[in-house]
Number of protein chains: 2
Amino acid sequence: MPITMTRSTQDYLKRIYELTECGLPASTNDLARELDIKPASVTGMVQKLAAEEPALVEYHKHQGVTLTPTGKRAALEVIRHHRLLETWLVQTLGYSWAEVHEEAERLEHVISEDFERRIAAALGNPTRDPHGELIPTEDLNMPVDDTTPLSSLRPNQSATIQRVNAQDPNLLRHLDSLGLTPGIQIEVTEYSSFDNNLTVKVGQKANVLGLNITTKIFVEIK
Amino acid sequence: MPITMTRSTQDYLKRIYELTECGLPASTNDLARELDIKPASVTGMVQKLAAEEPALVEYHKHQGVTLTPTGKRAALEVIRHHRLLETWLVQTLGYSWAEVHEEAERLEHVISEDFERRIAAALGNPTRDPHGELIPTEDLNMPVDDTTPLSSLRPNQSATIQRVNAQDPNLLRHLDSLGLTPGIQIEVTEYSSFDNNLTVKVGQKANVLGLNITTKIFVEIK
DNA sequence: CTTAAAATTTAGTCTTGCCTAAATTATTTT
DNA sequence: AAAATAATTTAGGCAAGACTAAATTTTAAG
Ligand SMILES: [Mn+2]
Ligand SMILES: [Mn+2]
Ligand SMILES: [Mn+2]
Ligand SMILES: [Mn+2]
């Protein structure tokens with residue numbers, strides 16, 4: 001019984017990986033929302049992934065789902081494809097960081113391991129994608145991430161933007177226009193405990209950012 | 001009723017295009033062989049393509065199938081993707097002409113029109129792929145091909161290789177090793193009417209080529 | 001502790017695209 | 001022209017993956 005790695009399977013495993021990064025199992029509903037598939041269908045698929053030999057996920061009714069080591073490796077394979085592709089589309093075809101996600105989302109399932117190696121080599125084995133997200137290594141390990149959400153900073157703290165965990169093109173274009181991109185230095189000057197807004201200085205300009213933005217930007221504190 | 005353009009649909013249309021280039025309808029069996037799908041299944045799919053609104057193919061029981069203008073445009077779209085991708089994989093990632101076909105076969109179905117435009121521009125809007133095959137134009141017209149099969153040449157005729165109509169990696173590697181690639185000058189020195197072998201001089205070397213090879217190489221007679 | 005709300009699962013369908021086996025039609029041979 | 005062979009179509013099924021509606025379980029409220 002070789003494992004059937006369909007597009008669908010790959011998307012499930014990728015989303016489960018992302019949802020379980022926090023350490024908790026992924027719930028049926030969350031998974032359904034992320035995949036844009038009805039919860040009832042997700043239950044069915046998750047049961048199948050758990051019944052696979054070897055199992056790709058561990059599943060306990062009403063308790064959510066986690067990846068087995070096999071499932072995790074498969075997820076990291078797809079994530080590596082995705083992030084290498086994004087990097088490559090930006091570097092060689094002039095895509096903007098707002099546009100790459102959608103294209104990579106389709107390509108990630110069809111490229112060969114040879115293709116993966118070729119673009120990785122052509123790019124000089126990059127460690128981060130255009131959004132600053134870490135790229136799983138060739139032997140499928142995810143480097144440790146030691147960044148902090150911008151939302152947890154307080155006035156007088158300075159930091160460097162490391163990564164932006166967002167795919168929405170509109171949000172990404174907005175951040176681009178504010179200069180909030182990986183590598184940029186920022187300083188927090190104000191904090192409002194009522195709405196959790198942060199005032200963030202980028203170069204000369206100061207911007208007031210809500211939680212919707214500050215929880216998606218991860219920084220290294222200086 | 002918008003047309004459903006699945007991978008499967010695209011592969012059928014592409015093969016039908018290729019099989020009907022000679023002017024005759026494509027038979028169920030030929031299509032089944034090319035697609036590696038059982039004839040019974042092909043009949044079913046062809047009936048569906050004909051019932052689509054607007055129809056993608058014209059189909060008459062036991063008489064084979066041809067493309068409608070709509071189906072032809074869809075086929076040329078896929079073929080343009082395929083050939084641009086091949087060109088691009090060879091030029092930017094160092095693929096050999098023997099390796100590109102398989103990768104392009106999967107990518108052709110998932111790239112966006114934006115991606116198509118970007119690689120076409122990056123390559124300088126090429127007119128031929130690595131095998132010398134003509135690339136359909138952006139407005140989906142196939143340039144006219146005025147080449148002659150090498151098999152029809154006779155002793156003392158000289159020609160330039162224009163294109164090689166083959167996907168088999170082993171054959172392509174073989175031709176590569178003989179120096180039989182697009183742009184190369186050749187001269188026919190001998191012909192055997194018994195086995196239809198041609199002796200073809202490439203530079204200093206002479207090679208005796210059978211019909212299996214000479215019908216797949218297309219040349220421009222000098 | 002009981003009830004209402006929310007989350008999840010089960011049961012039953014549907015579509016796509018393929019397959020096998022059997023029936024039919026077309027083409028060759030004799 | 002009949003028989004044999006080849007090509008094609010029909011009929012019936014199956015697996016993947018999705019959906020809706022109904023049942024169940026868990027969680028939150030009162
Ligand atoms: Mn995907
Ligand atoms: Mn990314
Ligand atoms: Mn294909
Ligand atoms: Mn080609």
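Order of the sequence lines fixes the chain letters, A, B, ..., with proteins taken first and strands second; residue numbering starts at 1 for each chain.
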Quick one: do Arg128(B) and Glu133(B) make a salt bridge, cutoff under 4.0 Å?
-> no
Separation between CG (Leu171(B)) and CG (Asn212(B)), nearest 0.5 Å, reads 8.0 Å
Does the Glu103(A) side chain pair with the main chain of Ser112(B), one donor and one acceptor, at a distance under 3.5 Å?
-> yes
Salt-bridge present (Arg15(A), Asp11(A); N to O < 4.0 Å) | no
Could you pull out all residues at least two apart from Arg33(B) that satisfy salt bridge (Lys or Arg N to Asp or Glu O under 4.0 Å)?
-> Asp30(B)
Report yes if a side-chain nitrogen or oxygen of Asn29(B) is closer than 4.0 Å to either non-bridging phosphate oxygen (OP1 or OP2) of dT8(D); otherwise report no.
-> yes
Interatomic distance, Lys48(B) NZ vs dT10(D) C1' [rounded to whole Å] = 17 Å
Residues in residues 33-46 of chain B with a heavy atom under 4.0 Å of DNA chain C, by number, are Ile37(B), Lys38(B), Ala40(B), Ser41(B), Met45(B)
Donor-acceptor contacts under 3.5 Å from residues 35-42 of chain A side chains, at least two apart:
none

Classify the side-chain pair Thr147(A)/Asp145(A) by whether it contains a donor and acceptor separated by less than 3.5 Å.
-> yes
Tell me whether the OP1 or OP2 atom of dT8(D) has a side-chain N or O from Tyr59(B) closer than 4.0 Å.
-> no
Of residues 6-20 of chain A, the positions that come close to DNA chain D - non-hydrogen atoms, cut-off under 4.0 Å = Thr6(A), Ser8(A), Tyr12(A)
For His60(A) and dT8(C), what is the distance between atoms NE2 and P respectively, to the nearest whole Å?
-> 15 Å
Do His60(A) and Glu58(A) have side-chain N/O donor and acceptor atoms under 3.5 Å apart?
-> yes
Is a salt bridge present between Glu105(A) and Lys14(A), judged by a nitrogen-to-oxygen distance below 4.0 Å?
-> yes
Can you tell me the distance, in whole Å, between the CD atom of Gln47(B) and the C1' atom of dT8(D)?
-> 10 Å
Rounded to the nearest angstrom, tell me the gap between atom CG in Asp30(B) and atom P in dA7(D).
-> 9 Å
d(CG, Leu56(A); C1', dA16(D)) in whole Å | 15 Å
Distance-minimising heavy-atom pair for Ala50(A) and Tyr59(A) | CB-CB, 4.0 Å
In B/S/- notation (B base, S sugar-phosphate only, - none; protein heavy atoms under 4.0 Å), nucleotides 24-29 of chain C written 5' to 3' is -SS---
Quick one: do the Thr137(B) and Asp139(B) side chains pair a donor with an acceptor below 3.5 Å?
-> yes
Nearest-0.5 Å distance, CG of residue Leu107(A) to CD of residue Glu102(A) = 10.5 Å
Using the C1' atoms of five pairs at each end, what's the angle between the two axes of the helix from dC1(C)-dG30(D) to dT30(C)-dA1(D), to 10 degrees?
-> 0°
Decide yes or no on side chain to side chain donor-acceptor pair (under 3.5 Å) for His81(B) and His109(B), but give the supporting numbers first.
-> CA-CA 8 Å; His81(B) 286 186; His109(B) 306 291; over 6 Å; no
